[in-house]
Chemist: 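Can you keep this structure in mind? I'll have questions shortly.
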Amino acid sequence: MQGVLEQVAAGVRSVVGQGKQAVSIPALARVPLNRFGMAVATADGDVVGVGDWDEPFSVQSLSKLFTLALAGDMRDRVGREPSTLAFNSLSQLELDEGRPRNPFLNAGALVTTDQLLSTTGDAAAALRGFLAAESGAEVAVDLSVAESELETGHRNAALAHLIAGYGNLHNPVTDVLRNYVHSCAIAMSCRDLALAGLFLARTGRGRATQVLSASDARRLNATMLVCGMYDGAGEFAYRVGLPAKSGIGGGVLAVVPNRCVVCVWSPGLDRCGNSVAAVAALEIFSALTGYSVF
Ligand code: GLU
């Protein structure tokens, strides 16, 4: 596997640096574009990596995956259909009458965060505790990123108020937003994220706990496949063929059921908000290994 990762890193060298950092959170625009890291955690719990695989980065929407796993069944409040509009679209939410189309849109993640807030009293802390237990590492929030997003996150505030207007939030908007932003502002490395996500490749069995039942883990992978890469999900399924979730910090976490979890990071994003180099790396990885769900 180490040899495969070296080949992938060599294959994406000319792509690293393409795309742009996220503009919606000013603190993310300061991260150098030339970073690239990739880690593979295998089902038996080993982990190997290449490049900046041990450097913490802002997980952003990768947090939505773990929040959803902890929130439980959300089908009454959030849909499961892919979206053709942007991840932070207000129009989509209005069309869907306050029941967000899927849990990986910002609107959907606000509702799953609300649910986790109701069951734990502190959704962001519950998430950090889970990630620390599963990765075996300390997990911290980058407060400069959280403050930057809280200052500029007018669109997420608008989404939260619109959901509340439809009666689909159970906690005060400000509490939901704070928990959401502190979940997104968690900083972790590719190594630790790949380890934390291993339950997705092991029929729900995490390193510390049984995170999900086998059928729920399968459903979460299915949701990732159709919704995890936003309005680039079809292109990603075509090029890579694995369930995956991206974040605007430049991370992508992909699952090869029963084999491994792969986490790739490079900050330059395409127009959908997916890392250009991480997607290219996963395309090379799936070609070299033959790993695909198809
Ligand atoms: N915190 C980010 C936002 O709300 C997450 C978006 C993402 O990573 O796709 O805009």
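Numbering starts at 1 and runs along the sequence shown. We count ligands from 1, going down the list as the structure has it; atoms in each ligand are counted the same way. The analysis underlying the following values was restricted to heavy atoms, covering all of them including side chains, and did not include hydrogens, waters or symmetry mates.
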Chemist: Check this for me, if you would: do Glu283 and Arg239 make a salt bridge, where the nitrogen-to-carboxylate-oxygen distance has to be below 4.0 angstrom?
Modeler: yes
Chemist: Does the cation-pi check pass for Lys245 over Tyr230, that is, NZ or CZ under 6.0 Å from the six-membered ring centre and within 45° of its axis?
Modeler: yes
Chemist: Hey, could you give me the CG/CG distance between Asn171 and Leu177, rounded to the nearest 0.5 Å?
Modeler: 11.5 Å
Chemist: Mind checking whether Arg155 contacts ligand 1 via backbone (N, CA, C, O), side chain (CB onward), both or neither, at a 4.0 Å heavy-atom cut-off?
Modeler: neither
Chemist: Is Asn88 close enough to touch ligand 1? Criterion: a residue heavy atom under 4.0 Å from a ligand atom.
Modeler: no
Chemist: Can you find an N/O atom of Ser246 closer than 3.5 Å to an N/O atom of ligand 1?
Modeler: no
Chemist: Could you list the atoms of ligand 1 found under 4.0 angstrom from a heavy atom of Glu149?
Modeler: 1 (N), 2 (C), 3 (C), 4 (O)
Chemist: For atom 7 (C) of ligand 1, grab the closest protein heavy atom and report residue, atom and distance to one decimal in Å.
Modeler: Ser61 OG, 2.6 Å
Chemist: If you count the atoms of ligand 1 from 1 in the order shown, which ones are under 4.0 Å from a heavy atom of Tyr180?
Modeler: 1 (N), 2 (C), 3 (C), 4 (O), 5 (C)
Chemist: Can you check whether Lys64 has an N/O within less than 3.5 Å of an N/O in ligand 1?
Modeler: no
Chemist: Taking heavy atoms and a distance under 4.0 Å, where does Val181 meet ligand 1: side chain, backbone, both or neither?
Modeler: neither
Chemist: Could you find the nearest protein heavy atom to atom 10 (O) of ligand 1 and give me its residue, atom name and distance?
Modeler: Asn106 ND2, 3.3 Å
Chemist: What are the atoms of ligand 1, with element, lying closer than 4.0 Å to any heavy atom of Asn156?
Modeler: 3 (C), 4 (O), 10 (O)
Chemist: Take a 6.0 Å sphere around OH of Tyr238 and say whether it holds more than 12 heavy atoms from other residues, nucleotides or ligands.
Modeler: no
Chemist: Tell me whether the rings of Trp265 and Phe57 are parallel (<30°), tilted (30 to 60°) or perpendicular (>60°).
Modeler: parallel
Chemist: Is any side-chain N of the basic residue among Asp231 and Arg271 closer than 4.0 Å to the acidic one's carboxylate O?
Modeler: yes
Chemist: Tell me, which protein residue and heavy-atom name are nearest atom 9 (O) of ligand 1, and how many Å apart are they?
Modeler: Tyr230 OH, 2.6 Å
Chemist: How many angstroms lie between atom CG of Asn106 and atom CD of Gln92, to the nearest 0.5 angstrom?
Modeler: 12.0 Å
Chemist: Are any of the N/O atoms on Ser24, whether in the backbone or the side chain, positioned under 3.5 angstrom from an N/O atom of ligand 1?
Modeler: no
Chemist: Between Arg77 and Asn168, is there a side-chain donor-acceptor contact under 3.5 Å, judged purely by atom types and distance?
Modeler: yes
Chemist: Are any of the N/O atoms on Ile248, whether in the backbone or the side chain, positioned under 3.5 angstrom from an N/O atom of ligand 1?
Modeler: yes
Chemist: Counting only heavy atoms not in Arg207, do more than 12 sit closer than 6.0 Å to its CZ atom?
Modeler: yes
Chemist: For ligand 1, which atoms sit closer than 4.0 Å to a heavy atom of Cys184?
Modeler: 1 (N)
Chemist: Check each atom of ligand 1 against the heavy atoms of Gly247 and keep those under 4.0 Å away; list them by number with element.
Modeler: 8 (O)
Chemist: Under 4.0 Å between a Lys/Arg side-chain N and an Asp/Glu carboxylate O for Asp76 and Arg99?
Modeler: no
Chemist: For atom 2 (C) of ligand 1, what is the closest protein heavy atom, and at what distance to 0.1 Å?
Modeler: Gln60 OE1, 3.0 Å
